[in-house]
2 protein chains.
Amino acid sequence: MVRVDGAGNPRAATLSDVARLAGVSIATASKAINGRDEVAPATRQRVLEAAEQISFTPNQLARSLLAGRTGTVGLLTSDLEGRFVIPILMGAEDAFGAGQVNVFLCDARGDAIREQHHLKALLNRRVDGIIVVGRQTDPRPSLGHDLPVPVVYAYAPSDDPTDVSVTPDNVAGGRLAIEHLLATGRRRIAHISGDPAYAAAQDRAVGVRAALADAGLELVGDVMFSEWSEHWGRDASGLLLSQHPEVDGIFAASDQIARGVLDTLRDLGRRVPEDVAVIGYDNWEILATNSRPELTSIDANLQELGRVAAKRVFTALDDERRSGTESLPVRLVIRGSTIPRR
Amino acid sequence: MVRVDGAGNPRAATLSDVARLAGVSIATASKAINGRDEVAPATRQRVLEAAEQISFTPNQLARSLLAGRTGTVGLLTSDLEGRFVIPILMGAEDAFGAGQVNVFLCDARGDAIREQHHLKALLNRRVDGIIVVGRQTDPRPSLGHDLPVPVVYAYAPSDDPTDVSVTPDNVAGGRLAIEHLLATGRRRIAHISGDPAYAAAQDRAVGVRAALADAGLELVGDVMFSEWSEHWGRDASGLLLSQHPEVDGIFAASDQIARGVLDTLRDLGRRVPEDVAVIGYDNWEILATNSRPELTSIDANLQELGRVAAKRVFTALDDERRSGTESLPVRLVIRGSTIPRR
DNA sequence: GAAAATACCGAAATGCTTTTCGGTACGTTA
DNA sequence: TAACGTACCGAAAAGCATTTCGGTATTTTC
């Protein structure tokens, strides 16, 4: 007879069901199923067949309760809408999924109250660790140190240096962009950035200035800050070309801005990359590969960042010295906007 | 004395710790904390203070084990990368989050094996339900009916009509787009679509033809199918205008295609919306609001779709008649590409 | 003042699995 | 044949919270 729950649904089979069917004790059934070697082969066979027959799967709740570990991790994001959060999520899910760990997804939607609420829920569910994913690279408030599980901050580092954080290296990104423009022979380079309130904007600008200084050059005009939009890219490049028509390389701090830059250059009759080379940031494929010409860009390796964060959750406690903010390398993706296609 | 685990970390407080500290039995402590009314006010106060003092939080595992429900739901996506999956996720997480339910996120990355693996893991964790989120609106294989929990298919409906599915109404979307163009006085309307292998492309085309037929009109040229890219939008509209220069309205089956269309119209010196009106699909804000002019589009209400899917998980079993594919309404978002700004 | 009712509390069972440890039964060795 | 070892199996505890039900102690009612 199939046991049923209150609503009349077939109830999931338990170990005792298996044991009864196989004519053994619960302990023996457990041992047989888990491959312990204190079971006679024939008995094991009987148990496995019984388990198969009623499609038994061990209840992870009971197992976790006993083991003290649940094999679950909380992903606490401040804003799922953010384009940068998704690849990090994917990387983390990927890294955990391979290791039998499942992920609780919590979206605080930028609200600190909701974040606390989710945090509490995660702890009640006895997650083995938590990854906090921010939407900007600006430091964010720490969740504190009195938590019973390891916490890793991804993208947005914690403002507490004794926490474990991983974030992309924006300074290196800015440097890399400029070094690439220099390598293609550009010398009169401008930088159109986004919202100056973002650490990402400031960090990239630092890398830009450092790379130019190393080459004994100066930026054409000042860094142009405003907002992270295609509109701004269009407006800024119009302004730039009227004031500094000699410019031969433009580093846009986002692919969206770069798209605007390409638009304006096209309108003004400048050829890309022959007259002006353009490089973007983020390597947002759908934007970068559909522009005319296709857009060279800096890729922050966010998926890898998610994977690293996942690893840190389980290694951070073993190795306390790892605390602090780890800046992960970025990568250059060359397309037609900086180097002419043959 | 603080109890510690094997690694020396402070162990989470249990109910029996609270009971001991408050000098009552475990049962009484439980009742006091859960607000049952068989406890004297003074006793309750003592218990609550004890709980507060050692920051006790009930172990959800134990609770779930007893209750038979875990308050968790599995979100099984076929592809997190897909742009349409995220808003659905957000909607579902939103709907569940408000009801104390947490979400397990599983990304099968388009692999059926991995999907089965994740499904099994979710069932072992005794989720109360599962939402399967596809990346296309084409029907997908059912997970079957011999599962112990309700399953709802979102975006990609199940190919089994006895399953519960929710999907956006693409036919209505196609109709809505055309009706809007007609309402702005257009009569020579063309439709540039994406990959014809997608149900979304075919469904929208059905809506297009129906709306035109109702108005006693015919499409200018055939529906132009190829791929969902900006490049195709540019190429297709070039072709279209050379063959049918009289066209005064274009319905692009995605915002990306629409962006390409706008590009070409601009290159050819056609004014939008004065000479040609353009309407897109998906209402991808970042694309739609950054184009010149801003793009009118059809919004599939994906976040709402996620919320509905979440609801169905808990109502589907109560009301078996609900099975089948439910098509959710879409919505028109008017911007400058169809109606001139004052 | 006695009987009944009420208010409060605690022991124990429940949910499911894993692990430890004690106990049979059989085979082996002297 | 007696003593011992091995292989296998099962009872029971542990993990934690909830709920039922029986039991005191106190109050109420006649």
Side-chain angles (χ1 to χ4, degrees), chain A residues 3-6 11-48 50-51 54-71 123-128 148, chain B residues 3-6 11-48 50-51 54-72 100 123-128 148:
Chain A
R3 290 168 67 186
V4 298
D5 66 13
R11 220 217 30 178
T14 75
L15 190 57
S16 89
D17 296 334
V18 176
R20 195 171 337 107
L21 187 59
V24 299
S25 77
I26 294 180
T28 303
S30 172
K31 281 179 264 192
I33 287 172
N34 293 323
R36 312 291 304 258
D37 54 358
E38 304 139 351
V39 187
T43 310
R44 162 160 305 152
Q45 186 61 26
R46 254 199 355 272
V47 172
L48 289 179
I54 60 179
S55 58
F56 165 80
T57 56
N59 187 326
Q60 281 291 347
L61 294 174
R63 198 178 254 191
S64 301
L65 188 57
L66 197 59
R69 292 180 311 100
T70 54
L123 293 178
N124 289 357
R125 293 202 185 279
R126 298 299 189 265
V127 292
D128 294 336
Chain B
R3 290 169 68 185
V4 297
D5 65 13
R11 220 216 31 178
T14 75
L15 191 56
S16 88
D17 296 334
V18 176
R20 194 169 341 105
L21 187 59
V24 299
S25 76
I26 294 180
T28 303
S30 173
K31 281 179 266 193
I33 286 171
N34 293 321
R36 312 290 304 260
D37 54 358
E38 303 139 350
V39 187
T43 310
R44 161 161 303 149
Q45 186 62 25
R46 256 202 349 275
V47 172
L48 290 180
I54 59 180
S55 58
F56 165 80
T57 56
N59 187 325
Q60 281 291 346
L61 295 174
R63 198 179 254 192
S64 301
L65 189 57
L66 196 60
R69 293 180 309 100
T70 55
T72 61
Q100 317 287 359
L123 293 178
N124 289 357
R125 293 201 186 279
R126 298 299 189 267
V127 293
D128 294 336

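Chain A is the first sequence line, chain B the second, and so forth, proteins listed ahead of strands; every chain is numbered from 1.
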To the nearest angstrom, how far is [X] atom [atom1] from [N] atom [atom2]?
X: B:Q60; N: C:dC16; atom1: CD; atom2: P; value: 17 Å
X: B:Q45; N: C:dC8; atom1: CD; atom2: P; value: 15 Å
X: B:F56; N: D:dC16; atom1: CZ; atom2: C1'; value: 8 Å
X: B:L15; N: D:dT18; atom1: CG; atom2: P; value: 7 Å
X: A:N124; N: D:dA17; atom1: CG; atom2: P; value: 10 Å
X: A:D37; N: D:dT6; atom1: CG; atom2: P; value: 14 Å
X: B:N59; N: C:dC16; atom1: CG; atom2: C1'; value: 14 Å
X: A:R20; N: D:dG10; atom1: CZ; atom2: P; value: 14 Å

Pick out the pairs of N or O atoms, protein on one side and nucleotides 19-24 of chain D on the other, that lie under 3.5 Å.
residue: D:dT19; atom: OP2; partner: B:R36; partner atom: NH1; Å: 3.0

Residue met sooner reading DNA chain C from 5', once A:T57 and B:V24 are mapped to nucleotides:
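Residue closer to the 5' terminus by nearest nucleotide: B:V24.
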
Which residue lies more 5' along DNA chain C, comparing B:P41 with B:R126 via nearest heavy atoms
B:P41

Side chains of [X] and [Y], heavy atoms from C-beta outward: is any pair under 4.5 Å?
X: A:N59; Y: A:T14; value: no
X: A:V39; Y: A:V24; value: no
X: B:L65; Y: A:L65; value: yes

Separation of B:R36 CZ from B:T28 OG1 (nearest 0.5 Å):
12.0 Å

Between atom CG of A:L48 and atom OG1 of A:T43, what is the distance when rounded to the nearest 0.5 Å?
10.5 Å

B:L15 and B:S30: which non-hydrogen atoms are nearest, and at how many Å?
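The pair with the smallest heavy-atom distance is CD2-CB, 3.7 Å.
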
Smallest separation among heavy atoms of A:I33 and A:A51, with atom names
CD1-CB, 4.2 Å

For B:R125 and A:Q60, indicate whether the former's side chain and the latter's backbone hold a donor-acceptor pair under 3.5 Å.
no

Check: A:R126 main-chain N/O paired with A:T70 side-chain donor or acceptor under 3.5 Å:
yes

Helical bend (five base pairs per end, nearest 10°) for the helix from C:dG1-D:dC30 to C:dA30-D:dT1:
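Answer rounded to 10°: the end axes differ by 60°.
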
Which of the following nucleotides, C:dC8, C:dG15, D:dG10, is nearest to the side chain of B:A62?
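Of C:dC8, C:dG15, D:dG10, C:dG15 is nearest to the side chain of B:A62.
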
Within the 4.0 Å heavy-atom criterion, would you say A:T43 contacts the bases, only the backbone, or no part of the nucleic acid?
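A:T43: backbone/sugar contact only, no base atoms under 4.0 Å.
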
